[in-house]
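For reference, the structure is listed below as structure tokens.
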Amino acid sequence: MSSAALPGFRDFYPDELARRAHVFRAWRAVARRYAFVEYDGPPLEPLDLYTKKSGDEIVGQLYNFTDKGNREVALRPEMTPTFARMVGARANALRKPVRWFSIPQLFRYERAQRGRLREHFQLNVDIVGEESEVADAELLAVAIDIMRELGLGPADVRARVSDRRLLNGILLTLGVTEAQVGAVYGVVDKVARQPREVSAAKLGEAGLAPALVERVLQLAAGAEFADLQREFGAAPAAREHIERFARYRAHLDALGVGEWVDLDLSIVRGLAYYTGIVFELFDAKGELRAICGGGRYDTLLKALGGTDLPALGFGMGDVVLGELLSDRGLWPDAVQEPVDLHLVAGNGAGQRPYADALRLVAALRAAGLSVNHAMSAERYLSQATRNQVDSARKAGCSAAIYFREDGEVEAVSLLGKMKDAPTHVIPAALALAGDAAALHSLRDWLHQQRDPASNPNG
RNA sequence: GUGGCUGUAGCUCAGUCGGUUAGAGCAUCGGAUUGUGGUUCCGAGGGUCGCGGGUUCGAAUCCCGUCAGCCACCCCA
């Protein structure tokens, strides 16, 4: 076996690239439907772009090195700092709100495992300059509509949403002190991933009374928004946030994605820079890692040295999403673009110079058709036609084309049944001369063969 | 970075108690009376049994190490 790709890196063979393209198509189609525009930045950035935001510990998880100009650089592990720089540099000139998306390839140096490689492609969708919770609803709707676009439904994927301000207000109302809030977040974030006793012990260590520990764990394990409204709707520390969240839910319903969404106060998204509504998308069976995560980060742009603008966004990677599509059998049947025509030897092949065969191929290509051929005069003339036709069909070609004994050029469909396959004839002289009408008729005929509605052989 | 499981052809896997030149199916390539199809038949190529060391007359097989993959931590996307 020759050397393979580096650990955590992928070779994309044509079938795999076609699947990747399928996901990218869905990402772009939905992002554009929501009026986002695409941008990109450099895959290599100054190292301090990341250490400024995340501290020096981050270096252990980066692909970083010193370049030949003695600059400390890193392959980008995330898009947000680049995005923040680009927006910040033109903050005053950009029409607000900014709605941008990107599909960067990102890199992280850490142990690869299922759903987690050292390299992946991640859709980033961000909005800058809008504080209304309508923007939060719009953002989540983009992520959910991508699931729909790929054939997934609310029984396959669930959106879990929370709001840090809401959780904060509830905790303060219950008697958690400002000083304890940080520690409580840390426990709540992991409540589903560690034993209840461990969570309880950590909350106790943070200074929470036993009754309060129970109450916090109960809320983190699952809460109905209606119950929260009843209990905290009038509390001074929580009321504003309860009301905002109610409006958010109503916007999601109106945007047509309400049935995908569950409240889950345990969604904290690390302890980092999120300031408001946060969300994650999971497969409904809970077998995979998060498909997507994001939320509001109103203070980050300023913290990174940019303008003080509210912002929100999410990232959605191709790896977990691809695993989910595989599990659900949702990849399209024909992932490859079929080739239109394959030149084979017909009964008239021997009557013409080989150059005519290449001229025919060239004329068809000039007319915009995709055409393959054997690239060997010897094989074209000596190999049995049935083998040539069979190879073309197996390669996924839509039709074979050849010179007939009477000198005409004939195409025969390779789709559908082999008996009585449809054919289309054009005079060889017109085909070789690149006659527009003749080639147009061939193109129409090909389209007709591919359209199942008008192709009884399909 | 820590621990557990697994490594045989491009893929899925056989390979007995340690015993001759490591096999099958699928896939690929060539062919089946100068020509039009999925079936069928014949044939071919393709392996440092992950890698290195050890035990042994003899190792795919047993032992140790290492690398890679998977899983769980850690951390996050």
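In the text below, chain A, chain B and the rest are named by the order of the sequence lines, each starting its count at 1.
- If you check A24(B) for Watson-Crick or wobble pairing at under 3.5 angstrom, you find it paired to U12(B).
- Here, G18(B) and U55(B) have their C1' atoms 11 Å apart, quoted to the whole Å.
- Between A32(B) and U39(B), the two C1' atoms lie 14 Å apart (nearest whole Å).
- Spacing of P atoms, A14(B) relative to A24(B), comes out at 16 Å, to the nearest Å.
- Considering only heavy atoms from C-beta on, Ile144(A) comes within 4.5 Å of Val261(A) through its side chain.
- Using a 4.0 Å heavy-atom distance criterion, Gln113(A) is classed as a base contact.
- Look at CD on Glu78(A): it is 10 Å from C1' on C76(B), rounded to the nearest Å.
- A68(B) and U6(B) make up a base pair, with Watson-Crick or G-U wobble contacts both under 3.5 Å.
- For G1(B), the paired base is C73(B) (Watson-Crick or G-U wobble, both distances below 3.5 Å).
- Classification of Arg296(A) and Asp136(A) as a salt-bridged pair holds, one side-chain N sitting under 4.0 Å from a carboxylate O.
- Using P as the reference atom, G35(B) and G31(B) are 15 Å apart when rounded to the nearest Å.
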Produce a footprint string for nucleotides 31-37 of chain B: one letter per nucleotide, 5' end first; B if the base is under 4.0 Å from any protein heavy atom, S if only the sugar-phosphate is, - if neither. S-S-BBB
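- For C49(B), there is no paired base (Watson-Crick or G-U wobble, both distances below 3.5 Å).
- Protein atom CZ of Arg116(A) is 12 Å distant from nucleotide atom P of A72(B), rounded to whole Å.
- Taking atom NZ of residue Lys190(A) and atom P of nucleotide A72(B), one finds them 16 Å apart after rounding to whole Å.
- In this structure, Ala392(A) reaches neither bases nor backbone, as no heavy-atom distance under 4.0 Å exists between it and the strands shown.
- Comment: Glu110(A) engages Arg116(A) in a salt bridge, judged by a side-chain N to carboxylate O separation of less than 4.0 angstrom.
- Arg118(A) forms no cation-pi arrangement with Phe107(A), by the criterion of a distance under 6.0 Å to the ring centre and an angle within 45° of the ring axis.
- Nucleotide G43(B) forms a Watson-Crick or G-U wobble pair with C29(B), both donor-acceptor distances falling under 3.5 Å.
- Side chains of Ser398(A) and Arg450(A): a donor on one and an acceptor on the other come within 3.5 Å.
- There is a side-chain donor-acceptor pair under 3.5 Å between Asp340(A) and Ser370(A).
- Taking the C1' atom of each, G52(B) and G7(B) are spaced 15 Å apart, rounded to whole Å.
- Spacing of P atoms, G43(B) relative to U6(B), comes out at 39 Å, to the nearest Å.
- Across the interface with RNA chain B, nearest-nucleotide mapping of Gly317(A) and Ala112(A) shows Ala112(A) to be the residue nearer the 5′ end.
- Place Phe107(A) and Gly115(A) on RNA chain B by their nearest nucleotides, and Gly115(A) ends up nearer the 5' end.
- The interatomic distance linking Lys394(A) (NZ) with A27(B) (P) rounds to 7 Å, in whole Å.
- Between His120(A) atom NE2 and A77(B) atom C1' there is a gap of 5 Å when expressed in whole angstrom units.
- Taking a pair to require two hydrogen-bonding distances under 3.5 Å in either a Watson-Crick or a G-U wobble arrangement, G19(B) pairs with C57(B).
- Surrounding OH of Tyr39(A) are more than 12 heavy atoms belonging to other residues, nucleotides or ligands, all under 6.0 Å away.
- A side-chain donor-acceptor contact under 3.5 Å links Tyr34(A) and Asp145(A).
- Between the CG atom of Leu6(A) and the P atom of C67(B) there is a distance of 15 Å, given to the nearest Å.
- Two rings, from Phe83(A) and Tyr297(A), have their centers 6.0 Å or more apart.
- In this structure, the CZ atom of Arg289(A) is 12 Å from the C1' atom of C70(B), given to the nearest Å.
- Atom CG of Leu117(A) and atom C1' of C76(B) are 14 Å apart (whole Å).
- Rounded to whole Å, the separation between the C1' atoms of U56(B) and C13(B) comes to 29 Å.
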